[in-house]
Amino acid sequence: MSEFVRNVRLWFTPERVREEGGTPDYRFSLANERTFLAWLRTALALIGGGFAVDQFLPHLRWAWRTGLALALLGAGVLCALRAVNHWVRCERAMRRGEDLPASRFPAVLSLVVAVVAVAMVVVVLAGWEG
């Protein structure tokens, strides 16, 4: 079974994480949970931003509005899914006494948000009608 499939299974049965390795200091597990919640807040903000672009910019051309809204909504969905996957991976690594897993996702998410921000600057400078 691939590592990704194993991690996805642990999303829905987190008590099985305890079967691996030893119990880490509870403060590390709580910090991991706070990081998970911060990722979820980011996901909610992205989703809210996507809905805001769609609902509160009616004079923006349809293609721009839809593209920007979908980019933000998609980033929010990916962020929420990545949050739980990262939580499981970190919890397993701590229990095994391994280094915490590295991730490119923050860089990818930052690039998506930066591209959307640049597109919004272009829209503002060009005017609502494009």
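The chain is numbered in sequence order, starting from 1.
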Quick check: are there more than 12 heavy atoms from other residues, nucleotides or ligands sitting under 6.0 Å from CZ of Arg16? no
- Query: Is Glu20 salt-bridged to Arg6, cutoff N-O under 4.0 Å?
  - Reply: yes
(message) Using a strict threshold of under 4.0 Å (side-chain N to carboxylate O), is an ion pair present between Arg92 and Glu19?
(response) no
Partners passing side chain to side chain contact (heavy atoms under 4.5 Å, CB included) against [X] (at least two apart in sequence or in another chain):
| X | result |
| --- | --- |
| Arg41 | Leu37, Ala38 |
| Arg27 | Asp25 |
| Val84 | Trp11, Phe36 |

Would you say [Y] ends up clustered with [X] if hydrophobic residues are merged whenever their side chains have heavy atoms under 4.5 Å apart, either directly or through other cluster members?
| X | Y | value |
| --- | --- | --- |
| Ile47 | Phe56 | no |
| Leu125 | Val116 | no |
| Phe12 | Val17 | yes |
| Trp39 | Val113 | yes |

Open item on the list: Using side chain to side chain contact (heavy atoms under 4.5 Å, CB included), reason through Met120 and Val118 one step at a time and then give a plain yes or no.
Closed with: CA-CA 5 Å; Met120 289 300 294; Val118 167; over 6 Å; no
Taken to the nearest 0.5 Å, the spacing of Leu40 CG from Cys79 SG works out to 7.5 Å
Rounded to the nearest 0.5 angstrom, the CG-CH2 distance for Asn7 and Trp87 is 10.5 Å
Closest non-hydrogen contact found for Gly76 with Ala43 is O-CB, 3.3 Å
All heavy atoms of Pro24 vs all of Arg95, minimum pair found to be CD-CG, 3.8 Å
Would you say [X] and [Y] make side-chain contact, with heavy atoms under 4.5 Å?
| X | Y | answer |
| --- | --- | --- |
| Phe28 | Cys90 | no |
| Leu109 | Thr42 | yes |
| Trp64 | Val122 | yes |

Give a yes-or-no answer on whether the side chains of Ser103 and Arg89 include a donor-acceptor pair shorter than 3.5 Å. no
With sequence neighbours left out, the residues meeting side chain to side chain donor-acceptor pair (under 3.5 Å) with Thr35 are none
Sorted by chain and residue number, the side chain to side chain donor-acceptor pair (under 3.5 Å) partners of Arg18 (sequence neighbours excluded) come out as none
Under 3.5 Å, sequence neighbours excluded: what are the donor-acceptor pairs made by side chains of residues 65-73?
{"unit_1": "Arg65", "atom_1": "NE", "unit_2": "Asp54", "atom_2": "O", "d": "3.4"}
{"unit_1": "Arg65", "atom_1": "NE", "unit_2": "Asp54", "atom_2": "OD1", "d": "3.3"}
{"unit_1": "Arg65", "atom_1": "NH1", "unit_2": "Pro58", "atom_2": "O", "d": "3.4"}
{"unit_1": "Arg65", "atom_1": "NH1", "unit_2": "Leu60", "atom_2": "O", "d": "3.4"}
{"unit_1": "Thr66", "atom_1": "OG1", "unit_2": "Trp62", "atom_2": "O", "d": "2.9"}
{"unit_1": "Thr66", "atom_1": "OG1", "unit_2": "Trp62", "atom_2": "NE1", "d": "3.3"}

Let me see the working for Val88 and Arg9 under side chain to side chain contact (heavy atoms under 4.5 Å, CB included), right down to the final yes or no. CA-CA 10 Å; Val88 166; Arg9 286 185 173 180; over 6 Å; no
